[in-house]
Amino acid sequence: QVQLVESGGGLVQAGDSLRLSCAGSGLTFSNYRMGWFRQAPGKEREFVSRISSSGITTYYADSVKGRFTISRDNAKNTVYLQMNSLKPEDTAVYYCAAAYKLKSSDDRIIGTYDYWGQGTQVTVSP
């Protein structure tokens, strides 16, 4: 059974930093590109960042570019999202997701991903 488990969320103040982790199991982690999405109350799930299966290529939503950094350690079956200079508008449940590396669809689209974690709450107070 494939599982993705997020951790590292919490309640912080604007300007603080958090590092989210997503640990995968039940899959060959290096065969999947990984994405981070977030969903705020009353809003649709939106793309945040993704990283290629090898870790060579990264991509970010404009809203987080320059503040967030995605990385992965395939030896640990883990993908990370380092979040700096957090803003109240970053408040959301953050989800990691895995897409098989050979899938050709857009990584910013939810339907591209084969597996999803349960999410971790990030709350940023002003």
Side-chain angles (χ1 to χ4, degrees):
Q1 182 71 34
V2 173
Q3 284 190 300
L4 301 175
V5 181
E6 302 95 336
S7 61
L11 195 159
V12 298
Q13 294 183 347
D16 285 352
S17 297
L18 281 174
R19 189 177 77 157
L20 306 183
S21 298
C22 174
S25 61
L27 76 170
T28 302
F29 195 74
S30 60
N31 283 342
Y32 291 81
R33 56 192 190 270
M34 301 296 298
W36 286 98
F37 289 75
R38 66 188 183 186
Q39 188 167 22
K43 296 184 178 180
E44 294 185 349
R45 195 168 300 186
E46 67 175 351
F47 170 80
V48 176
S49 184
R50 66 87 168 159
I51 188 167
S52 62
S53 58
S54 66
I56 293 175
T57 305
T58 59
Y59 184 77
Y60 302 90
D62 288 342
S63 59
V64 306
K65 192 174 298 181
R67 298 188 298 121
F68 291 10
T69 302
I70 190 171
S71 62
R72 68 190 295 161
D73 186 342
N74 285 345
K76 296 181 178 179
N77 287 356
T78 302
V79 62
Y80 306 94
L81 186 68
Q82 178 67 46
M83 305 185 295
N84 297 329
S85 301
L86 283 163
K87 304 175 180 179
E89 50 262 47
D90 296 318
T91 295
V93 176
Y94 283 71
Y95 299 89
C96 68
Y100 189 63
K101 65 182 182 180
L102 296 182
K103 292 187 70 174
S104 60
S105 50
D106 193 331
D107 288 340
R108 301 184 300 175
I109 298 174
I110 291 173
T112 296
Y113 295 86
D114 302 297
Y115 306 106
W116 292 84
Q118 292 297 305
T120 185
Q121 177 71 49
V122 173
T123 302
V124 185
S125 63

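Bear in mind the structure is a predicted one, so any value in this text is a computation, not a measurement. Every heavy atom of this structure was used, including side-chain atoms; hydrogens, water molecules and symmetry mates were not.
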Side chains of Asp73 and Tyr80 in contact at under 4.5 Å (non-hydrogen atoms): yes
Pairs involving residues 22-37, ordered by first then second residue, that meet salt bridge (Lys or Arg N to Asp or Glu O under 4.0 Å) (sequence neighbours left out): Arg33-Asp107
Cluster link Met34 to Leu102, ILVMFWY, side chain under 4.5 Å: yes
Separation between CZ of Phe68 and CH2 of Trp36, rounded to the nearest 0.5 Å: 11.0 Å
Show the atom names and distances, to 0.1 Å, of all donor-acceptor pairs under 3.5 Å that link a side chain in residues 11-18 to residues at least two apart or in another chain.
unit_1, atom_1, unit_2, atom_2, d
Asp16, OD2, Gln13, N, 3.2
Ser17, OG, Asn84, OD1, 2.9

Heavy-atom neighbours of Glu46 CD exceed 12 at 6.0 Å: yes
Considering all heavy atoms, the nearest Val79-Ile70 contact: CG2-CG1, 4.0 Å
Nearest non-hydrogen partners of Leu81 and Tyr94, listed with the distance: CD2-CD2, 4.2 Å
Expected output: side-chain Gln82 to main-chain Arg19 donor-acceptor under 3.5 Å: no
NZ (Lys76) with more than 12 external heavy atoms under 6.0 Å: no
Where Ser53 and Ser30 come nearest, the two heavy atoms and their spacing: CB-O, 3.2 Å
Within residues 85-98 or reaching into it, pairs that qualify as salt bridge (Lys or Arg N to Asp or Glu O under 4.0 Å) - sequence neighbours excluded: Arg38-Asp90, Arg67-Asp90
Reported CG-to-CZ distance for the pair Asp106 and Arg50, which is rounded to 0.5 angstrom: 9.0 Å
Under the salt bridge (charged side-chain N to carboxylate O under 4.0 Å, His left out) test, residues paired with Lys43 that sit two or more places apart: none
Nonpolar side-chain network containing Tyr95, other nodes, edges under 4.5 Å: Phe37, Phe47, Tyr59, Val93, Ile110, Tyr113, Trp116
hydrophobic_cluster_shared for Val5 and Val2, side chain cutoff 4.5 Å: no
Atom of Ala92, atom of Ala40 and distance for their closest heavy-atom approach: CB-N, 3.8 Å
Below 3.5 Å, can you tabulate the donor-acceptor pairs from side chains in residues 20-29 to any protein atom, sequence neighbours excluded?
none

Any donor-acceptor pair under 3.5 Å from Thr123 side chain to Thr91 backbone: no
Minimum heavy-atom distance between Leu4 and Cys96, given as atom pair plus value: CB-SG, 3.7 Å
